[in-house]
Structures are given as C-alpha cells and as structure tokens.
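Take a look at the structure below.
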Amino acid sequence: MKAHQLKVYNTLSRQKENFLPISPPFVGMYVCGPTVYGDAHLGHGRPAITFDTVNRYLTHLGYRVRYVRNITDVGHLTGDADEGEDKIAKKAKLEQLEPMEVAQQYTDTYHRDIALLNTWKPNIEPRATGHIPEQIALVEAILNEGLAYVVNGSVYFDVLAYNKKYTYGKLSGRVIEELVSGSRDLDGQGEKRNSVDFALWKNASAEHLMKWPSPWGIGFPGWHLECTAMSSKYLGNHFDIHGGGMDLIFPHHECEIAQGNACNHQDPAKYWMHNNMITINGQKMGKSLGNFITLQELFTGKHPLLEQAYSPMTIRYFILTAQYRSTLDFSNEALRAAQKGYKKIINGLRIARNMHYDINPEVALDGEHLQQVEASITAAYRAMDDDFNTAQAIGHLFNLLKKINSVFTGQLHSATLGEEVFTKMLATYTTFVEEILGLLEEKGEVQEGLLDLLLRQYTEAKTARNYAKVDEIRLGLKSMGFVVKDMKDRVDWAYEE
RNA sequence: GGUCGCGUGGCCGAGUGGCUAGGUAGAGGUCUGCAAAACCUCGUACAGCGGUUCGAAUCCGCUCGCGACCUCCA
C-alpha cells in the first residue's frame, strides 16, 4: 500500500494540516472523557466513536497509538464558573450516596454503553481523584512562575499576567480585552482579581464532601487542572493529539493551553481536534437543555421521542455517516435510514467473508468494472486521509458493495475483475467495515446451523414445488428477522433490513 | 451585544470553481411460482438576490432563516 499523507483539521490553526507525529511511529492522543454524574447520552457517544475511529485508522496506518481518556470524578462544578457545587457531590447528596459511589456507578454504566458501541478501550483511563498530588504540584509550579495567586485558601490562575508573556485565547479565537470588558456582572467575581481568572484550587467548606489537604489548606482541584496533570503525566508535556467536543474549546481547552504553557513553557498538544454536536430539532442535545437521550434509552427505545429501539451498531453507523466536524441532526427517520444502511453493510460483510474467486478462462476482463472498483478503493482511503471523512468513505464502500453483491448473485462474474482486483475489493471492504469503521455483525439469538437446516428444507420444498411449505418457512424466518435470498443456483439468508 | 459556524433533492448527509457522492424514501424495470434479496434506470437538489469567472452549490457582497460559544455541558 502506498504511503498515506493524512490530513487533520487543527482547531488551533483553523485549517487542515499534514499529520506529522512528534515521534513516529508513536502517537499520543488525549481525549476528554465524561464527568461521571449521569448516564451516558448520545452526545457522549459521538466523541467516543469519533476518536475511536481516529485511533483505529491511525493504528491501521501502522502508528502505535497511546490513547488516554480521563474520567472526571471531581472538580467539575455546576452553575457559575468556580462558584457552583461539585457535580458529583450534588448527585451524591440527591441519591444519598458517597460521591465515590456515584462516580463508580456512572463510570460503570459509561463503560458498558461505550463498549456496546464497539469502541476500543483507551490504553490508560486516569481519574482526577487519583491524581491530586500531581495537580497540587502543578499549582505550585504555576505559583512559582508568578502566574497564579492565593486568596483565602484558594488559588486562581492570573490570566492577565499570563497574557503578557503568552496568548490567552488563541484556540478559541477570543481576544482578552473583549473577555474582560464583556464579562457579565462585575460583583459576581468574588475572590478573583479579574473575572477571566479561573480556579486552580478551591478552598473547601466544612460540609464539602470531596476534599484533600494542600499547602493552601483543605480543598479540591479546579476542573481544567486534571487534564493538564494527567496528559502530561502519561503523554509528556507536548503530545500529538488532544480531542474532545467543540463545547470544550472554551474555556476548558483554552485553560489547558494556558496551564501547560505556564508550567511547561509549551503548548500541551500539537493538533487539537473537536467533534461537533448532535442536534435534536436543530438544537444542541445537552444536559442543560434537558433534551438529551441516553444511550440506554436508544438501545431500548424507552424515551418519548423514540418510535423504536436502535441497536448500538445502528448508532455507531449513524454517527459515522456524518463528518465529525459537522452537526448531526437526530430524528427517527434518520435513524431508521441508518438502521437499513447498517444492515445492508453487514449483509455485504457476510457475503464478502464467504466469497471466493471463480477462475474462468472464458470470461474476459471488463475494463469499466475494473476501473470502478479500483477508483472506489482509492477514494475510500483518500476520504479517510482527508481528516477522517468517514461519511465519504462509507459512500465509496457502498459502491464496492454493489460490485460484491453483483458477483454474489451471479449478475457479474468474478473473473471480469481479475483475481487481484477481486481479492483487493473484498479485503478493502472487510477491512474498512470491521477494522477501520468498527462495525460489528450484531448476531441474533438464532444459531447459524439452525438457519442452514431451515434453508435446506426450504430448498427441498422448493424443488418439490411445495409452495405452501416454502412460504411457511419464509414467513417463519422473517419473524426471526431474516430474509431468504433466492438466487439462480442456490439460496442464502440475510438480515432483514 | 461580541466571536464563530451553518442553510444541499421527502428525510439524513458528502462535496469548496468544470468531473455520478452515498444511504433512506418514492417511481419504473430485470429476475421469480408469487415474493423478497440483488442489480439497472429515474426525479433534473444546492435559502434568496446581486457580483467575479469562459464556467459557481463551491469565491465575494447583501438579505432572510437557524445554530454554537461567550456560564456547567461531548
């Protein structure tokens, strides 16, 4: 296979750049994981699948990826920045649980749901609460640089001081003067010297549930700090890819860049990748809007907005049919279309796995078909090389699938493609579906052996022109979710679309 | 209010100057005991108006509509 020049859209430069890892073949990738205080919803599914696909494709190209995705189990506050209540602790009080019980419970459900989407596990999945000493050390380092200050046992990052040496706002495209003047009510600043400053360490009140000792008293870390602590610990001070949802660009990732520069004098990541939001009726699906659908609700169909259940692979396919930087609009109609498309892909996978080249010297090569197949193979890779355009790649896979189906049903002879191209076509198709896109065959309850038995009876009945029995078997299979495919010389089954 | 982005055929969704995206839905056809599956063909899509160009969905301007971030959110 020829060398690929992968291009990646970098939020920092706002353009596609050639992907050149810092130390090939190694790639360090850090992705912001969930704050574990509720069930994972469709909005969590998108970055999980997006960066899983990035991981898969980079691995396919031969890179050795270290994928780190954190679990936020402390420090993420509700309400106004740096003034609200800890999300985990709030949920703990509501459910009368230990905060760690809440974190554990939703970490478990997150893992369960994300695994169903067939995502590879991260190589390291660190938790914020497991890295308190590292975070304290970072605060001390930033204080030593003179870019933070202590007030009543809390430590704040001094954005204005930082901005004299570095540029605060370069990721989100924000101008510091506008942030300063545009800040809402000036009396809500509290201890901060300036409203744009953010907390590195917060003093904990007596009733606060999650707290640790520090040089500044009992307290807990600020939200942005954990990612700096854990990414630098496991990937170094400057690594290749930092990913997450677009809504994290500001302030979270902006603050991470500031923290990284403040204590390590360099940007933490070379490439910043951000997936867009999933919308529902054109509006962002999110916790704060209360219009989110959890993954479990999708899998079971138990949600007022859902007309039916949608399988994990349908969801994965649905998300992959859009480029990750575009919004993707949810609707039952779109998901039903995705379900059909997914099943078509998987029926093709079964066929491709079992198909063999049929040597026939009397069949001539067909230049047009050959050219179409070769073009689709090249185009599928080119799409992935162009900032992981899974939507476009899938389009080319469907073109390959048409050829595969044609050969399978006898409408096209495999020899018209020649053995080399035919084999490459099958290999490309199966590699893309299974390895790169991560689409699995969702097997039903029925054993394949049983299906084969029924199909043998079906064939016998058909030969005997016992059409009543033929129809009976056909109906029976249909009720189990299978359709019978009658071809010229044989029969086969497929998943009902 | 500031910053940024979007508006593609019934629906979802690629595409950023000339080359069929694709899926799904619908229509017709081949095949079939009838079907199904599969394959083939089709609708003449680019918010509106103006401009640049030999040529624009694609570049520029204006208008309309929608959204994101600026406060926790993937």
Side-chain angles (χ1 to χ4, degrees), chain A residues 14 31-35 38 40-48 50-51 76-85 87 169 172-175 178-179 181-184 188 223 243-252 274-279 282-289 292 317-318 321-323 325-342 344-345 347-348 351 372 379 383 389-399 401-412 462 465 467 470-471 474 478 483-488 491-494 496-497:
Chain A
R14 289 165 195 279
V31 176
C32 288
T35 301
H41 58 80
L42 197 50
H44 292 100
R46 191 160 196 197
T50 297
F51 293 103
H76 209 158
L77 307 178
T78 64
D80 290 330
D82 307 326
E83 298 298 335
E85 209 174 350
K87 286 189 171 184
S172 56
R174 257 156 254 263
V175 183
E178 286 170 359
L179 284 172
S181 61
S183 55
R184 303 266 174 92
W223 174 38
M246 272 185 186
D247 48 355
L248 296 179
I249 293 173
F250 191 91
H252 186 51
H274 294 96
N275 64 273
N276 213 321
M277 304 292 105
I278 288 180
T279 58
Q283 210 179 24
K284 175 179 163 180
M285 185 181 285
K287 281 239 162 83
S288 53
L289 294 164
F292 65 94
Y317 174 82
F318 174 65
T321 53
Q323 215 278 345
R325 287 186 290 112
S326 302
T327 55
L328 173 59
D329 200 51
F330 162 91
S331 69
N332 281 286
E333 204 175 353
L335 276 172
R336 247 182 282 117
Q339 176 176 304
K340 290 213 168 194
Y342 158 70
K344 191 166 186 167
I345 292 256
N347 281 329
I351 289 168
Q372 286 171 351
N389 195 332
T390 52
Q392 204 173 72
I394 286 171
H396 296 300
L397 288 187
F398 273 109
N399 288 333
L401 181 56
K402 280 186 183 178
K403 301 295 181 199
I404 292 171
N405 280 331
S406 297
V407 172
F408 182 70
T409 53
Q411 295 167 93
L412 184 70
K462 210 179 143 194
R465 296 181 180 273
Y467 293 120
V470 166
D471 292 343
R474 198 191 274 163
K478 190 168 160 59
V483 293
V484 181
K485 299 166 77 163
D486 281 276
M487 285 165 288
K488 281 192 168 59
V491 295
D492 192 21
W493 59 269
E496 190 183 14
E497 292 169 10

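In this text, all values refer to a predicted model and were calculated from it rather than measured experimentally. Throughout, protein chains are lettered first and strands after them, A, B, ... in sequence-line order, and every chain is numbered starting at 1.
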Inset, instruction - Measure from CD on A:Glu496 to P on B:rA38 and round the result to the nearest Å. - result: 11 Å
Legend entry - Length of the NZ-C1' vector between A:Lys403 and B:rC40, whole Å: 11 Å
Legend entry - Sugar-phosphate only, base, or nothing, as touched by A:Glu497 at under 4.0 Å among non-hydrogen atoms: sugar-phosphate
Legend entry - Selected nucleotide, minimal atom distance to A:Asp486 side chain, candidates B:rA74, B:rC11, B:rA35: B:rA35
Legend entry - Whole-Å distance separating the NZ atom of A:Lys488 from the P atom of B:rC39: 14 Å
Inset, instruction - With heavy atoms under 4.0 Å as the rule, sort A:Arg474 into base, sugar-phosphate or nothing. - result: base
Inset, instruction - Have a look at A:Leu335 and say if it touches a base, only the backbone sugar-phosphate, or nothing, with a 4.0 Å heavy-atom cut-off. - result: nothing
Inset, instruction - Check every strand shown and say whether A:Thr50 touches a base, only sugar-phosphate, or nothing at a heavy-atom separation below 4.0 Å. - result: nothing
Inset, instruction - Could you work out the separation of B:rA27 and B:rG65 based on their P atoms and round it to a whole Å? - result: 37 Å
Inset, instruction - With the side chain counted from C-beta on, respond yes when A:Lys403 and A:Leu412 share a heavy-atom pair under 4.5 Å apart, and no when they do not. - result: yes
Legend entry - Closest approach of A:Arg46 to A:Gln323 (non-hydrogen atoms, all atoms of both residues): NH2-O, 2.9 Å
Legend entry - Passing candidate, side-chain contact (heavy atoms from CB on, under 4.5 Å) with A:Gln392, options A:Ile394, A:Asn389, A:Thr390: A:Asn389
Inset, instruction - Would you mind classifying the nucleic acid contact of A:Met246 as base, sugar-phosphate or nothing, using non-hydrogen atoms under 4.0 angstrom? - result: nothing
Inset, instruction - Please state how far atom CG in A:Leu248 lies from atom P in B:rA68, giving the value in whole angstrom units. - result: 16 Å
Inset, instruction - Starting at atom NZ of A:Lys344, determine the distance to atom C1' of B:rC39, rounded to an integer number of angstrom. - result: 10 Å
Inset, instruction - Answer with base, sugar-phosphate or nothing: what part of the nucleic acid does A:Lys478 contact at a heavy-atom distance below 4.0 Å? - result: nothing
Inset, instruction - Answer with base, sugar-phosphate or nothing: what part of the nucleic acid does A:Asn399 contact at a heavy-atom distance below 4.0 Å? - result: sugar-phosphate
Legend entry - Closest contact, heavy atoms only, A:Glu497 versus A:Lys344: OE2-CA, 3.3 Å
Inset, instruction - Report the base-pairing partner of B:rA47 (Watson-Crick or G-U wobble, both distances below 3.5 angstrom), or none. - result: B:rU63
Inset, instruction - With the side chain of A:Val483 defined as its heavy atoms from C-beta on, choose the nearest nucleotide among B:rA36, B:rC11, B:rC34. - result: B:rA36
Inset, instruction - Choose from B:rA38, B:rC69, B:rG13 the nucleotide whose nearest atom is closest to any side-chain atom of A:Leu328. - result: B:rG13
Legend entry - Nucleotide nearest A:Tyr317 when distance is taken to its side chain, options B:rG23, B:rG33, B:rG2: B:rG23
Inset, instruction - With heavy atoms under 4.0 Å as the rule, sort A:Lys340 into base, sugar-phosphate or nothing. - result: sugar-phosphate
Inset, instruction - For nucleotides B:rG1 and B:rU16, find the distance between their P atoms and express it as a whole number of Å. - result: 33 Å
Inset, instruction - Would you indicate which nucleotide in B:rC11, B:rC39, B:rA14 comes nearest to any side-chain atom of A:Gln392? - result: B:rA14
Legend entry - Heavy-atom pair of closest approach, residues A:Phe292 and A:Met285: CA-CG, 3.4 Å
Legend entry - Along RNA chain B (nearest heavy atom to each residue), the more 5'-positioned of A:Thr321 and A:Leu401: A:Thr321
Legend entry - Any donor-acceptor N or O pair under 3.5 Å, side chains A:Ser331, A:Glu333: no
Inset, instruction - Mind calculating the distance between CE (A:Met285) and C1' (B:rG67) to the nearest angstrom? - result: 15 Å
Inset, instruction - Could you tell me how the ring of A:Tyr317 sits relative to the ring of A:Phe398: parallel (under 30°), tilted (30 to 60°) or perpendicular (over 60°)? - result: perpendicular
Inset, instruction - With heavy atoms under 4.0 Å as the rule, sort A:Ala494 into base, sugar-phosphate or nothing. - result: nothing
Legend entry - Nearest listed nucleotide, side chain of A:Lys485, among B:rC69, B:rG23, B:rA37: B:rA37
Legend entry - Sugar-phosphate only, base, or nothing, as touched by A:Asn405 at under 4.0 Å among non-hydrogen atoms: sugar-phosphate
Legend entry - Rounded distance in Å between the C1' positions of B:rU63 and B:rU71: 32 Å
Inset, instruction - Hey, could you give me the CG/CD1 distance between A:Leu328 and A:Ile278, rounded to the nearest 0.5 Å? - result: 5.0 Å
Legend entry - Any A:Ser326 side-chain N or O less than 4.0 Å from OP1/OP2 of B:rA14: yes
Inset, instruction - Would you indicate what A:Gln323 reaches in the nucleic acid, counting non-hydrogen atoms under 4.0 angstrom: base, sugar-phosphate, or nothing? - result: sugar-phosphate
Legend entry - Interatomic distance where CD1 belongs to A:Ile249 and C1' belongs to B:rG5 [whole Å]: 11 Å
Legend entry - Identity of whatever pairs with B:rG1 - Watson-Crick or G-U, under 3.5 angstrom: B:rC70
Inset, instruction - Could you tell me whether A:Phe398 contacts a base, only the sugar-phosphate backbone, or nothing, with contacts defined as non-hydrogen atoms closer than 4.0 Å? - result: sugar-phosphate
Inset, instruction - Describe the nucleic acid contact of A:Lys462 in one word from base, sugar-phosphate, nothing, applying a heavy-atom distance below 4.0 Å. - result: nothing
Inset, instruction - To the nearest Å, give me how far apart CH2 (A:Trp223) and C1' (B:rU71) are. - result: 11 Å
Legend entry - Whole-angstrom distance between B:rC40 and B:rG55, as gauged at atom P: 36 Å
Inset, instruction - Rounded to whole angstrom, note down the P distance from B:rA57 over to B:rG50. - result: 14 Å
Inset, instruction - Can you tell me, in whole Å, how much space there is between the C1' of B:rA47 and that of B:rG9? - result: 14 Å
Legend entry - Residue from A:Lys478, A:Arg474, A:Lys462 passing side-chain contact (heavy atoms from CB on, under 4.5 Å) with A:Val484: A:Arg474
Legend entry - B:rG7 to B:rU58 separation - P atoms, rounded to the nearest Å: 11 Å
Legend entry - Complementary nucleotide for B:rC19 - Watson-Crick or wobble, under 3.5 Å: none
Inset, instruction - Specify the residue among A:Cys32 and A:Gly173 whose closest nucleotide of RNA chain B lies further upstream toward the 5′ end. - result: A:Gly173
Legend entry - Who pairs with B:rG33 - Watson-Crick or G-U, where each distance is under 3.5 Å: none
Legend entry - Euclidean distance for P, B:rG10 against B:rA45 (whole angstrom): 10 Å
Inset, instruction - Could you check which of B:rC12, B:rA74, B:rC39 has an atom nearest any side-chain atom of A:Lys402? - result: B:rC39
Inset, instruction - Quick one: look up who B:rU24 pairs with, Watson-Crick or G-U, both distances under 3.5 Å, and put none if it's unpaired. - result: B:rG10
Inset, instruction - Describe the nucleic acid contact of A:Asn389 in one word from base, sugar-phosphate, nothing, applying a heavy-atom distance below 4.0 Å. - result: sugar-phosphate
